[in-house]
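Report on the structure given below.
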Amino acid sequence: MNKIEDNRAWFLILPVVLLVAFSAVVPLMTVVNYSVQDIFGPHQRAFIGVEWFREMLRDPDVQASFVRQILFSVIILAIEIPLGVLVALGLPRKGWKSSLAIVLLAIPLLVPFNVVGTIWQVYARPEIGLLGSTVNALGIPYNYTADGISAWVTIVAMDVWHWTPLVALLAFAGLRSIPDAYYQAARIDAASRLAVFRYIELPKMRSVLTIAILLRFMDSFMIYTEPFVVTGGGPGSATTFLSIRLVNMAVGQFDLGPAAAFSLMYFLVILLVSYVFYTILQRINAS
Amino acid sequence: MSIVLKGVGRSVNGAAWLSDINLTLEPGGLYVILGRTLAGKTSLLRILAGLDRPSRGEMQDGAENLVGVPVRKRDVAFVYQQFVNYPSFTVYDNIAAPLRRQRLDRAEIDRRVRSVAEIVHIDGFLDRLPQQLSGGQQQRLAIARALAKRAHLLLLDEPLVNLDYKLREELRADLRNIFRDAEHTVVYTTTEPDEALQIGGTTIVLHEGRVLQIGPAAEVHRNPASTTVAEVFSDPPMNIFEGRIEEGLLAFAGLRAPLPFHMQGGPSGPCRLGLPPHRITETAAPGRVQLTGTVTLAEVDGSSTFTHFEAAGGHWVMQRDGIRPKPAGSACTVHLDPADFFLFGTDGMLRTAPGARTRKVA
Amino acid sequence: MAEIAIDNLRHSYDNDLSDPSRLALKRVDLTWKNGSAYALLGPSGCGKTSMLNIISGLVRQTTGRVLFNGNDVTDLPTEARNIAQVFQFPVLYDTMTVEQNLAFPLRNRGEDKATIRRRVGEVAEMLDLVPLLKKRAAGLGAAEKQKISLGRGLVREDVAAILFDEPLTVIDPHVKFELRRKLKLVHDALNLTLIYVTHDQSEALTLADEVVVMSDGEVMQVGTPQDLYERPKHRFVGNFIGSPGMNFIPCTLEGERLVFAGGALAAPNWLGPRLKPDQKLAIGVRPQALCVAGAGEEAVAGRIVEAQLRGDSYIADVAIGETLVKMRLPDHVALPTDVFGVHFPPRSTLVFADDRLLGDLHEQD
């Protein structure tokens, strides 16, 4: 109802359309091009249809990476979402303490990805890293370069350290938008702390939490830099996630065709899951 | 130039918000659009402002076609229900903002800002920020900015609805004077009959997207064209009930009375009758008929009491001066004079209003 | 049910009582009788909501005591005070059904299932919510939501008082009538102590047995709707109640006459002795009380400057010499076109000294 009708508005979005075309559509079409051809040299290529896709789906390494990737995203969400909500609930709601807490929380978000990787790479080293040596000194065998479990724990801990603040900030924004009257009504109704969380805070945070889950899923599903810096996908292939596998294939082995097919499927999976989340989000907003 | 709307309609997603609006707005005229919530008042204002495009019909300013002319190119000012001001500007700069955009020289801006601020009584607060003003003053500021612009068309969309009633009372009285002296064509919307009467000018009664009646405020109030207008233009709404005219008698609510003078000479048969709440009394007098009922609620509205009661299978409301609480459920006996009745056809259209005959004779 | 007393209460949001002009509440003493309906009426910022929140315990007063049935509840938290509150905007538990919403306060207090079912049924019946019981509360209209909020208060049998904070703000005008009626009926049926905060005089006067008029952190008057209308104790009340408000005409006492610019009225014999030196006098009279003088009635000469039609009458600006007063005139009698006699009925013509009511012109000692 509050729309102003003017067809010239379309011209205003033209620059964006062009930008998106050059930055996304053209590269994507290049990838599509590679994915359906077998390329032998600069002028030697053959159209092979969906052969690369079929090969990629059958590739046990790819399958293993996929399972690993799903597992990783599930673990990340299972830890970061509840932890973020808990942190948000614990933050002071008003005054300078609140501002300070937000600034402190936001610090990990400001650190570049590769630096995060480097920090943890050093921090967790069993021989010289503060964390690594402490854990070992406590008698717990820990070495992320040799032991798969240790490597996983390191990567997960790093991601939790890096991204839980984002979830917490989103949840906190949701909490702060709840009018005081709700808390007052709950006191009058003698609701317990748990009931306040269950019936007021959680429902009111639902839409921001959906956004948080969506963002964290997409990011964790595409994780590359940090494990690349810390473990390089190892030990063995213990932390070889989809993107690391993809880069190894495309850059390391120069298998452009399969890599293109792979990345298209990768892209479609993320698109599909994001779409599902988007639909859920819409439905929540509608109700 | 007069702004003329011919057959203007607007539909949104298949629902008709406005249908077949025909209006002529004379330059310098004052028009009050009266209608309940969702009657289409805001839609009509937005079309006049050029914020929305009508789905059908023509709209002209003199010879110029207005349909499709964007709001920026029109000479309009708009005052909203919410107090819309620039929060970081002082009162002075708020009023001056549209003038600076018109690139007037400093002296002229200063002169206009001060004169407008004086008209709306905020000349004492020129250095303050909007936040430091009361709600009433904030809305006065928004009105001042609209006035300063000296737009051809000044549109106000229920500007007083978010104010306390005492402030509303003050501002209404001031607005009447401001509009009377202004050169703009003013279009003002409201849901309140009293506000329409107080602001005055030409009243346009809008109901479910259609214009039901246009005329001077007092004229429309005295001679509502239909039962719907009578209900919309009366707070509490006029009592409307079924009646029947036969052989010089008027039958209604299980009662019979001689046919009052102003209804004589019309056709017999069923009809509908209207009685303004303040015409129901608790004192008997010759010519009045008695009705007994049960009180549902006595609403006290500051200076008068609206007693709602059920009688003869219908809902009635009586308005009396002063504060006269009556417990719900108690019995009440009231007296009605058929000489006060409005006579409507079964289609709801007015046949005669009380006093219409006598006034013509005099 | 309880009698609620407020004893020597003062409140400041920064807990600093040194500057009286910055207090949200400046010394309030009040008693709310058991089973009565009260309204707290005043313009925005007058302290009425602060008062409500102090009674419910959501805000703790800076000094003074709040007593329920004589027991000091100042240190008791909200949930222990047994009050219910309905807020300006409907507060509902969105994920619950209407039934679960109504049952919530009882469930939290550990009531048994049979009691809960019985109470919820009774309250739903009273508020016409029975057909909605199984519906989700989130999808309902504002009026239903407010009824549910009210219902959550009513389900508790032991509730000491129900507090309302402008509960009809978000309700459409034509639905308001039905809700007011419902509230009135519920109050009459249950004999609850009801405290209702509003800035709308019609709501206050319609719903309350007694109205507490507040301005700027102070209680201006406590009285029945008639008291406030006919005997406003303070100029503020005279102006705030009634529309248009009461006329105030500055005047002086000269011998046995009350003289104002343009006329004079006979002064009552008690006025001279009661008057302190340097007090500013004013005559207060409602526009509805003034009338065209009949034969033999005392009158001053006036002339209509402007008359505006209202729904039921004219409100005329009448010039009496240099004094301008508002006067209500019936709409079915022709308006006087020339100078006419304005009658000030002595029983409804009040004398104010320094904005405070002294008495009316009819009383004699």
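Naming: A, B, ... by sequence-line order, numbering from 1 per chain. Computation of the quantities below employed the complete heavy-atom set of this structure, encompassing side-chain atoms and omitting hydrogens, waters and symmetry-equivalent molecules. For clarity, every value in this text was computed on a predicted model and none was experimentally measured.
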Report task. To the nearest 0.5 Å, tell me how far B/Leu167 CG sits from C/Ser44 OG. Result -> 7.5 Å
[atom1]/[X]: more than 12 non-hydrogen atoms of other groups inside 6.0 Å:
X        : atom1 : value
B/Arg180 : CZ    : yes
C/Lys233 : NZ    : no
B/Leu38  : CG    : no
C/His362 : NE2   : no

Given heavy-atom pairs under 4.5 angstrom as the criterion, report whether the side chain, backbone, both or neither of [X] touches chain C.
X        : value
B/Asp301 : both
B/Arg36  : neither
B/Gln319 : side chain
B/Ala298 : backbone
B/Ser234 : neither

Query - Closest approach of B/Glu169 to C/Ser243 (non-hydrogen atoms, all atoms of both residues) - result: OE2-CB, 2.8 Å
Query raised in the report: Is the shortest heavy-atom distance from the side chain of C/Arg181 to the side chain of B/Glu299 under 4.5 Å?
Result: no
Report task. Please examine the side chains of B/Ile323 and C/Leu205, heavy atoms only from C-beta on, and report whether any two atoms are closer than 4.5 Å. Result -> yes
Query raised in the report: Which members of residues 221-228 of chain C, sorted by number, sit under 4.5 angstrom from chain B on a heavy-atom basis?
Result: C/Pro225, C/Gln226
Report task. Taking heavy atoms only and a threshold strictly under 4.5 Å, list by residue number the residues of residues 306-316 of chain C that touch chain B; give 'none' if the list is empty. Result -> C/Glu306, C/Gln308, C/Leu309, C/Arg310, C/Gly311, C/Asp312, C/Tyr314
Requested in this report: Find the one option among B/Asp340, B/Asp164, B/Thr37 whose heavy-atom pairs under 4.5 Å with chain C are most numerous.
Outcome: B/Asp164
Query raised in the report: Taking B/His221, B/His308, B/Arg324, B/Glu170 one by one, which has the highest count of heavy-atom pairs under 4.5 Å against chain C?
Result: B/His308
Query raised in the report: Checking heavy atoms, do the side chain of C/Arg286, its backbone, both or neither come under 4.5 Å from chain B?
Result: neither
Query raised in the report: Which bit of C/Pro287 comes within less than 4.5 Å of chain B, counting heavy atoms only: side chain, backbone, both or neither?
Result: neither
Requested in this report: Kindly write out the residues that satisfy ring-ring contact (aromatic ring centres under 6.0 Å, His included) with C/Phe236, not counting sequence neighbours, or none if the list is empty.
Outcome: C/Phe240
Report task. Could you tell me whether the side chains of C/Asp331 and B/His278 share a donor-acceptor contact shorter than 3.5 Å? Result -> yes
Query raised in the report: Under 3.5 Å, is there a donor-acceptor pair between the C/Gln288 and B/Ser303 side chains?
Result: yes
Report summary line: Of the listed C/Leu207, C/Asn239, C/Thr169, the one with the largest count of heavy-atom pairs under 4.5 Å with chain B is C/Asn239
Report task. Using the salt bridge (charged side-chain N to carboxylate O under 4.0 Å, His left out) rule, collect all pairs that involve residues 32-46 of chain C, keeping only residues at least two apart or in two chains. Result -> C/Lys33-C/Glu210
Query raised in the report: Is the distance between the ring centroids of C/His199 and B/Tyr165 under 6.0 Å?
Result: no
